[in-house]
There are 2 protein chains.
Amino acid sequence: MLKLSNRGLYGIKALYELANNYGKEPLAIREISKRHGMPVPFLEQVLHLLKKKGLVKSRRGSNGGYTLSRSPDKITLGEAVIALEGPIALCDCILKRDPDNKLEKEMRCVASNIYRKLGEKVEQAFNSVTLLELAEENSDKTYIATCK
Amino acid sequence: MLKLSNRGLYGIKALYELANNYGKEPLAIREISKRHGMPVPFLEQVLHLLKKKGLVKSRRGSNGGYTLSRSPDKITLGEAVIALEGPIALCDCILKRDPDNKLEKEMRCVASNIYRKLGEKVEQAFNSVTLLELAEENSDKTYIATCK
DNA sequence: ACTAATCCTGATAAAATTAGTCAAGTATAA
DNA sequence: TTATACTTGACTAATTTTATCAGGATTAGT
């Protein structure tokens, strides 16, 4: 269905909270979890993915938590989605490339070129949205937390 | 990962074969299956989906098989993908709408508006490619059938 | 130093989705 | 009449997603 998994959706909600919290003290997983009804242990995994890709920083111990590692206008939804869900590739054939960055023969199919072009368009679309815009989108606070 | 499932990938390969066969006698599932190494019973399901949505027609019995119901330049990859994988919606919240086509309150989240806009862009991208272009993309016949 | 809070990590289990199989049927051409 | 090929629904297997859990490491505050 070309949909995001919960991993992706949860991660984006977490980034939304961190964007609104940017410049302040770290935000704890428990607090982020509470605001959107997301399970804490799963959110730990999700934030770990974002940390591995350098989108967020963490501070351990008392008063610890997570912060964005860059300002919200410098982080795109594209980076977030790729960190959470892996590379955008409609078909695996796009990922299997030889050292010259050409598709390996065994991994080409009738639509490889088209999948590649479409994937690039999708990635561009996601990269055109920053966390700042995501945060501003909801400045009226009318959102409901329970949507998955 | 934003990738197509085998259902989608198989369906697109089948449509590629039918596009190349347009104007000729029906093409049997067994033949399509053989050309791309796809399991016959699964392909039956896939072609059934495409038939339900009116993209292909079928003829039963001896010398039977499938044909496109319109010319290849009148069928887009977007229609195909939606028939095979369901509506393009990054989050379910996009699908739950009240009779006025507004999102129901319980189903809004911090990114609903953004998911909707991005989904529309993705759909446009898929709709910009026709089966004719897909067929022409491979007129040199250099593709390998085994890519999934 | 002690303690409570919090992130870190890897293993594991439950649930959902996807992928594929099977069988009995119906329609068609020769 | 027969062989071919689509139709349909039920079923099983494999994979991925969605969590859960436990024990460890780090930090702030006292």
Side-chain angles (χ1 to χ4, degrees), chain A residues 1-14 17-18 21 25-34 36-53 55-69 81 84-87 89-92 148, chain B residues 1-14 17-18 21 25-34 36-69 81 84-86 89-92 148:
Chain A
M1 292 206 206
L2 288 173
K3 58 202 291 188
L4 296 170
S5 70
N6 273 3
R7 198 166 61 240
L9 297 173
Y10 288 175
I12 288 169
K13 286 181 180 176
E17 294 300 333
L18 294 179
N21 195 62
E25 288 297 290
L27 203 53
I29 285 183
R30 180 182 312 206
E31 174 59 24
I32 298 172
S33 157
K34 203 191 304 173
H36 294 272
M38 305 182 284
V40 170
F42 193 29
L43 203 50
E44 281 179 342
Q45 289 184 11
V46 168
L47 282 165
H48 187 60
L49 286 172
L50 293 173
K51 187 182 177 186
K52 275 201 297 187
K53 295 287 182 173
L55 299 183
V56 304
K57 288 184 298 189
S58 63
R59 191 170 78 190
R60 300 216 268 195
S62 187
N63 295 326
Y66 286 88
T67 50
L68 294 185
S69 39
V81 166
L84 294 161
E85 310 261 355
L90 294 173
C91 178
D92 281 346
K148 269 219 247 194
Chain B
M1 297 196 203
L2 287 173
K3 58 203 291 188
L4 295 170
S5 69
N6 273 4
R7 198 166 60 240
L9 298 172
Y10 287 174
I12 288 169
K13 286 182 180 176
E17 294 300 333
L18 294 179
N21 196 61
E25 287 297 291
L27 204 52
I29 285 183
R30 181 183 311 205
E31 175 58 25
I32 298 172
S33 156
K34 202 191 306 174
H36 294 273
M38 305 182 284
V40 169
F42 193 30
L43 203 51
E44 284 178 341
Q45 288 184 11
V46 168
L47 281 165
H48 187 58
L49 284 172
L50 293 173
K51 188 183 176 186
K52 275 202 298 187
K53 295 286 182 174
L55 274 63
V56 304
K57 288 184 297 188
S58 63
R59 191 171 77 189
R60 301 216 267 195
S62 187
N63 295 326
Y66 287 88
T67 49
L68 294 185
S69 38
V81 166
L84 295 161
E85 309 260 357
L90 295 173
C91 178
D92 281 345
K148 268 220 250 194

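For the pair A:Phe42 and B:Ala28, nearest-nucleotide mapping onto DNA chain D gives the more 5' position to B:Ala28.
Screening residues 53-65 of chain B for salt bridge (Lys or Arg N to Asp or Glu O under 4.0 Å) gives B:Glu25-B:Arg59 as the qualifying pairs, with residues at least two apart or on separate chains.
Between A:Leu84 atom CG and D:dT16 atom C1' the separation is 16 Å, expressed in whole Å. Following rounding to the nearest Å, B:Asp92 (CG) and C:dT17 (C1') show an atom-to-atom distance of 13 Å. The CD atom of A:Glu31 sits 10 Å away from the P atom of C:dT6 (whole-angstrom rounding). Atom CZ of B:Arg30 and atom P of D:dC6 are 9 Å apart (whole Å). Protein atom CZ of B:Arg7 is 11 Å distant from nucleotide atom P of C:dG20, rounded to whole Å. The CG-P distance, from B:Asn6 to C:dT17, rounds to 17 Å in whole Å. Taking atom CD on A:Glu25 and atom C1' on C:dA5, their separation rounds to 14 Å, with Å as the unit. Summarising the geometry, the separation between CE on A:Met38 and P on D:dT17 is reported as 19 Å, rounded to the nearest angstrom.
Residues B:Tyr66 and B:Leu18 come closest through the heavy atom pair O-CD2, 3.2 Å. In plain terms, the two heavy atoms of B:Pro39 and B:Ser33 that are nearest each other are C-OG, 4.3 Å.
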Query raised in the report: B:Leu90 and B:Leu2: side-chain contact (heavy atoms from CB on, under 4.5 Å), yes or no, with the steps?
Result: CA-CA 9 Å; B:Leu90 295 173; B:Leu2 287 173; 4.1 Å; yes
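Terminal axes of the helix from C:dA1-D:dT30 to C:dA30-D:dT1 (five pairs each, C1' rotation axis) are separated by 20°, to the nearest 10°.
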Output side-chain donor-acceptor pairs under 3.5 Å for residues 40-52 of chain B, partner residues at least two apart or in another chain, one line each.
{"unit_1": "B:Lys51", "atom_1": "NZ", "unit_2": "B:Ser58", "atom_2": "OG", "d": "3.0"}

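Taken from CG in A:Leu84 to CG in A:Leu55, the straight-line distance is 8.0 Å, to the nearest 0.5 Å.
Put simply, B:Ser5 has a side-chain N or O that comes within less than 4.0 Å of OP1 or OP2 on C:dA19. Side-chain N/O atoms of B:His48 include none lying less than 4.0 angstrom from OP1 or OP2 on D:dC6. Using a 4.0 Å cut-off, some side-chain N or O of B:Tyr10 falls inside it from OP1 or OP2 of C:dG20.
Within residues 49-58 of chain B, the residues that have a heavy atom under 4.0 Å from DNA chain D are, in order of number, B:Lys51, B:Ser58.
Using modelled atom types, no side-chain atom of A:Thr67 and backbone atom of A:Pro26 make a donor-acceptor pair closer than 3.5 Å.
Looking at heavy-atom distances under 4.0 Å, A:Leu47 makes no contact with the nucleic acid at all. In this structure, A:Pro41 reaches the bases: a heavy-atom distance under 4.0 Å links it to at least one base atom across the strands shown.
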Query raised in the report: Going 5' to 3' along nucleotides 24-30 of chain D, which nucleotides have protein heavy atoms under 4.0 Å from the base (write B), which only from the sugar-phosphate (write S), and which from neither (write -)?
Result: BSBBSS-
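When the nucleotides C:dT21, D:dC6, C:dC7 are ranked by their closest atom to the side chain of A:Glu44, C:dC7 comes out on top.
For the pair B:Ile12 and B:Val81, the minimum side-chain heavy-atom distance is below 4.5 Å.
The side chain to side chain contact (heavy atoms under 4.5 Å, CB included) search around A:Ser5 returns A:Arg7, A:Glu85, not counting sequence neighbours.
B:Gln45 contributes a side-chain N or O that forms a donor-acceptor pair with the base of C:dT21 under 3.5 Å.
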